[in-house]
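Notes follow the structure.
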Amino acid sequence: MSEAYDWSWLRAGVPGIDLDMYLAMPEDLARVIEVKDGLLVHRDSPSPNHLAIADVIKQCLREAIRKRATGQPCLKASGELDMLVSEVPFNFRRPDAIVYRCIEDPRDKWKTKPTAGDTLLVVEVVSPATVTADCVDKRAEYARAIAITDPLGVTITWDALDGERISAAESRSRRPTSGESRL
């Protein structure tokens, strides 16, 4: 069976990607990937149920921000927005929902997109095909990045589970101990 395919491209190694390469990438390609440790991660198109859950969560977060008292720091809620986890190694994710501090002045390369340091809340809707990536990989990545940049050391993650048997939102909040990178 392997004779039917040309696998020679794998012998050269999997190509890495950095921030400059990502920024030069055509938009249609950039929308279907994330980058972890400089390696491309393909993102499958979400299911209608996944999108519906994410839309409700984003709507609730935006409403909560609108209801905040006057004089509070500016916050934004969004979804499907690139969040820079780290520049070296290059890591970015596109959470289903995100709450972050407003970015008034565009940055050199990342412009007005949030970084882990700007981020207050990340939500991933977990589908049956993405359980490990969302509940293990991304959770550890977000916890490590946000705990490093948050002077209070408070990490909050919400998982919205999208499946036939489970359709609920779960909230977890706790202060990581020294040297700990998991929730």
Side-chain angles (χ1 to χ4, degrees), residues 13-23 25 29-47 50-51 53-54 57-58 61 75-101 103 107-163 166 168-183:
V14 178
I17 184 170
D18 62 17
L19 179 57
D20 292 324
M21 291 170 68
Y22 172 71
L23 295 174
M25 187 178 289
L29 294 176
R31 296 300 307 155
V32 298
I33 66 159
E34 290 179 341
V35 176
K36 179 178 181 187
D37 295 331
L39 299 175
L40 297 177
V41 178
H42 178 75
R43 291 182 33 152
D44 290 324
S45 179
S47 70
H50 181 111
L51 290 172
I53 292 169
I57 292 169
K58 288 182 285 191
L61 292 172
L75 299 178
K76 289 188 178 182
S78 188
E80 292 299 310
L81 180 66
D82 299 350
M83 179 189 76
L84 182 65
V85 178
S86 66
E87 195 167 338
V88 178
F90 181 43
N91 283 293
F92 88 87
R93 294 296 188 170
R94 196 173 293 119
D96 292 307
I98 182 172
V99 175
Y100 62 98
R101 293 176 191 91
I103 302 159
R107 299 178 182 123
D108 183 36
K109 294 179 182 179
W110 205 243
K111 309 285 184 209
T112 57
K113 295 178 183 179
T115 65
D118 304 315
T119 304
L120 303 174
L121 176 73
V122 170
V123 180
E124 291 288 354
V125 177
V126 181
S127 297
T130 64
V131 172
T132 301
D134 291 337
C135 292
V136 178
D137 299 341
K138 289 182 183 180
R139 177 178 284 158
E141 213 173 300
Y142 294 151
R144 187 171 45 254
I146 295 170
I148 289 169
T149 58
D150 183 352
L152 299 177
V154 177
T155 302
I156 300 174
T157 63
W158 285 15
D159 297 327
L161 303 171
D162 167 16
I166 302 171
E170 178 183 25
S171 173
R172 294 185 176 97
S173 172
R174 71 185 214 42
R175 188 176 305 267
T177 59
S178 177
E180 186 177 46
S181 64
R182 66 177 181 82
L183 292 177

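Contact detail for Val122 and Pro95: the closest heavy-atom pair is CG1-CB, 3.6 Å. Of all non-hydrogen atoms in Ala97 and Lys58, the two that sit nearest each other are CB-CG, 3.7 Å.
Between Arg93 and Val35 there is no side-chain heavy-atom pair separated by less than 4.5 Å.
Under 4.0 Å is where a charged nitrogen must lie from a carboxylate oxygen, and between Arg43 and Glu34 at least one such pair does. The pair Asp118-Lys76 fails the salt-bridge criterion, with no side-chain N (NZ, NE, NH1 or NH2) lying under 4.0 Å from an Asp/Glu carboxylate O.
Residue Arg107 holds its CZ atom at 8.5 Å from CG of Leu84, rounded to the nearest 0.5 Å. Distance OG1/Thr115 to CD1/Ile103: 6.5 Å, rounded to 0.5 Å. Distance check, rounded to the nearest 0.5 Å: CZ of Arg94 to NZ of Lys113 gives 7.5 Å. Between the CD1 atom of Ile17 and the CZ atom of Phe92 there is a distance of 7.5 Å, given to the nearest 0.5 Å. Annotation: the span from Glu124 atom CD to Ile57 atom CD1 amounts to 10.0 Å, rounded to 0.5 Å. The line from CG of Leu81 to CD1 of Ile98 is 6.0 Å long, rounded to the nearest 0.5 Å.
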Item to complete: Test His50 against Asp96 for side chain to side chain contact (heavy atoms under 4.5 Å, CB included), laying out the working first.
Response: CA-CA 9 Å; His50 181 111; Asp96 292 307; 3.0 Å; yes
Fill in: Leu121 and Leu61: CA distance, side-chain angles, deciding distance, side chain to side chain contact (heavy atoms under 4.5 Å, CB included) verdict
CA-CA 10 Å; Leu121 176 73; Leu61 292 172; 3.6 Å; yes
Practice prompt. Please assess Thr119 against Arg101 for the test side chain to side chain contact (heavy atoms under 4.5 Å, CB included), listing each intermediate value before the final yes or no.
Written response: CA-CA 6 Å; Thr119 304; Arg101 293 176 191 91; over 6 Å; no
Discussion item. Side chain to side chain contact (heavy atoms under 4.5 Å, CB included), that's the test. Do Asp82 and Arg31 meet it? Break it down for me.
Written reply: CA-CA 9 Å; Asp82 299 350; Arg31 296 300 307 155; 4.2 Å; yes
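The aromatic rings of Phe90 and Trp110 stand perpendicular to each other, their planes meeting at an angle above 60°, with 30° marking the opposite boundary.
Here Leu23 pairs with Leu19, Lys109 under the side-chain contact (heavy atoms from CB on, under 4.5 Å) rule; sequence neighbours left out.
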